[in-house]
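A quick write-up on the structure given underneath.
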Amino acid sequence: MSSLTSLTAARLAALIRTGEVSSEEVTRAHLDQIAAVDDRVHAFLHVDTDRALEVARRVDAKRRAGAPLGPLAGVPVAVKDLFAYVGAPTTCGSRMLENWCPPYNAAVTERVLAADMVILGKTNLDEFAMGSSTETSAFGPTHNPWDLARVPGGSGGGSAAALAALEAPVALGSDTGGSIRQPAAVTGTVGIKPTYGGVSRYGAVAMASSLDQPGPCARTVLDAALLHQVIGGYDPRDATSIDAPVPDVVAAAQSPDVAGMKIGVVKEFGGEGFEPGVERRFHEAVAALAGAGAEIVEVSCPYFPLALGAYYLIMPSEVSSNMARFDAMRYGRRVGDDGTRSVEDVMRASRGAGFGAEVKRRIILGTYALSSGYYDAYYGSAQKVRTLIIQDFRAAFSTVDVLMSPSTPTTAIRIGEPLTDLMAGYKADLCTIPSNLAGIPAGSFPAGLSDNGLPVGVQVMAPVLADDRVYRVGSALEALLEPRFAPLTKEAR
Ligand code: GLN
């Protein structure tokens with residue numbers, strides 16, 4: 001048997017269920033791997049060692065007693081540090097929430113615990129999920145396991161790097177403009193943004209509420225689907241939660257059949273700004289699907305090139321409103337409260353000290369875009385573009401079953417680059433943002449390596465609540481491309 005840390009979550013769950021290995025052994029193996037490599041990778045902000053082992057032992061006892069176990073029982077999971085988990089810090093990568101421990105669990109935290117999964121710890125992210133490189137974290141960047149001098153993407157670079165470095169078999173992420181898919185692409189892993197409302201946002205610290213969507217991160221399509229099944233479904237505590245059954249993503253992830261499927265290739269995502277190695281891998285992936293019987297058509301989505309601009313008005317507008325809650329009065333960092341200063345002064349000093357440059361930039365941008373006199377010109381226009389993008393998708397999905405594009409224009413960039421060239425970071429989400437604006441499901445799947453030896457991801461997008469199509473095409477890609485690029489050996493599956 002390969003070492004426990006290289007096995008898939010599905011395989012680990014099967015071994016635990018039959019008693020061939022214990023959850024405690026599996027958990028220990030991952031904690032050992034974290035201890036061995038995380039000083040170099042820095043995927044974790046907090047490792048919850050004692051509680052992880054305690055939970056694992058409880059699951060083992062449950063199995064021995066013959067109690068029924070869920071499909072991922074006993075399997076470790078890493079949690080992006082913006083999901084509340086009682087008893088552990090939830091920092092959002094910010095000094096503002098340094099050492100803050102939430103008094104309640106996020107819905108996704110509750111659900112993985114209820115499924116008898118073992119939370120290993122909290123993973124690094126760009127501050128309040130604002131960034132594409134994990135470098136805006138107040139606690140230092142995460143390094144891409146493929147090349148430690150490069151970023152693992154962001155904001156969920158910690159979760160993606162933890163998977164690529166075999167520190168966790170599956171992880172939780174959240175995607176506002178690409179933060180699950182873009183890190184997946186540049187670390188050679190799988191990341192799915194479900195339909196907006198498909199996974200509850202309750203207890204996920206908000207960035208831009210009309211765009212934020214929690215979702216699964218994994219090394220295989222089936223593992224992502226199994227975790228999706230655990231965390232998905234209606235939650236009355238999230239006002240935008242969809243009251244409908246979770247699409248059968250697990251069955252889809254085991255049906256790598258695209259014969260007769262109509263796949264649209266987005267015409268606007270290619271050419272200038274796209275790394276040639278990324279484009280080559282993308283076209284090979286599409287050709288492989290054609291070889292498997294899919295019908296490929298080029299589809300024009302004329303408003304997609306405007307999505308990035310609209311996003312950088314809508315997102316900061318919502319950020320400026322969501323960040324207002326960090327007033328240093330109720331929880332979080334408080335600075336300069338010496339008994340002589342006014343509330344406003346203390347708030348100003350606390351927010352000044354607590355937030356990093358990127359968060360402040362977005363608060364200012366959003367406040368400006370929403371200010372009276374500019375509201376219609378900026379926020380209003382951006383919302384109109386959002387509608388046009390939704391219409392582009394509607395038109396496309398009237399003729400094709402799914403749309404595809406590269407997940408990102410380039411492979412992982414060097415640490416330091418996004419901080420000196422802001423646009424380099426912003427552009428990393430060019431291809432992922434339209435689906436957030438439209439609320440549709442989309443996933444990134446490994447498609448091989450670019451000429452520089454770094455992973456390339458391809459994106460599959462589907463209509464609202466057709467998340468299963470994303471998984472079906474993803475599993476076909478995994479099967480077709482495996483000979484050329486296998487993040488895991490066959491034996492590990
Ligand atoms: N990178 C994008 C941004 O900086 C998306 C972030 C996210 O999805 N949380 O806004």
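Order of appearance sets the numbers: ligands from 1, and atoms from 1 within every ligand.
- Closest heavy-atom approach to atom 3 (C) of ligand 1 among the candidates M130, R362, R181, K80: R362.
- Nearest protein heavy-atom neighbour of atom 10 (O) of ligand 1: Y311 OH, 2.6 Å.
- Close contacts of ligand 1 with G178, meaning ligand atoms under 4.0 Å from a residue heavy atom, involve 8 (O).
- Looking only at atom types and distance, the side chain of N436 has a donor-acceptor partner in the side chain of R181 under 3.5 Å away.
- Under a 4.0 Å criterion applied to the non-hydrogen atoms of M207, ligand 1 contributes the atoms 9 (N), 10 (O).
- Of the charged side-chain nitrogens involved, at least one lies within less than 4.0 Å of a carboxylate oxygen, so that R237 and E110 count as a salt-bridged pair.
- Comparing S133, S174, S155, S179 against atom 6 (C) of ligand 1, the shortest heavy-atom distance belongs to S179.
- Between D175 and K193, none of the side-chain N atoms (NZ, or NE/NH1/NH2) sits under 4.0 Å from a carboxylate O, so this pair counts as no salt bridge.
- At a heavy-atom distance under 4.0 Å, no atom of F128 approaches ligand 1.
- Distances below 4.0 Å separate heavy atoms of A129 from the following atoms of ligand 1: 6 (C), 7 (C), 9 (N).
- Residue-to-ligand polar distances place G177 within reach of ligand 1: an N/O pair is separated by less than 3.5 Å.
- Around CZ of R325, the count of heavy atoms belonging to other residues, nucleotides or ligands within 6.0 Å exceeds 12.
- In this structure, the side chain of H228 does not engage the main chain of P216 through any donor-acceptor pair within 3.5 Å.
- Close N/O approach between G154 and ligand 1 is not found [any backbone or side-chain N/O within under 3.5 Å].
- With respect to R280 and D451, a salt bridge is recorded, a charged nitrogen being found less than 4.0 Å from a carboxylate O.
- Within a 6.0 Å sphere centred on OH of Y234, other residues, nucleotides and ligands contribute more than 12 heavy atoms.
- Listed by number with element, the atoms of ligand 1 under 4.0 Å from a non-hydrogen atom of S132 are 1 (N).
- Looking only at protein heavy atoms, the nearest one to atom 1 (N) of ligand 1 is D429 OD2, 2.5 Å.
- Between D238 and R201 there is a salt bridge, with a side-chain nitrogen of the basic residue lying less than 4.0 Å from a carboxylate oxygen of the acidic one.
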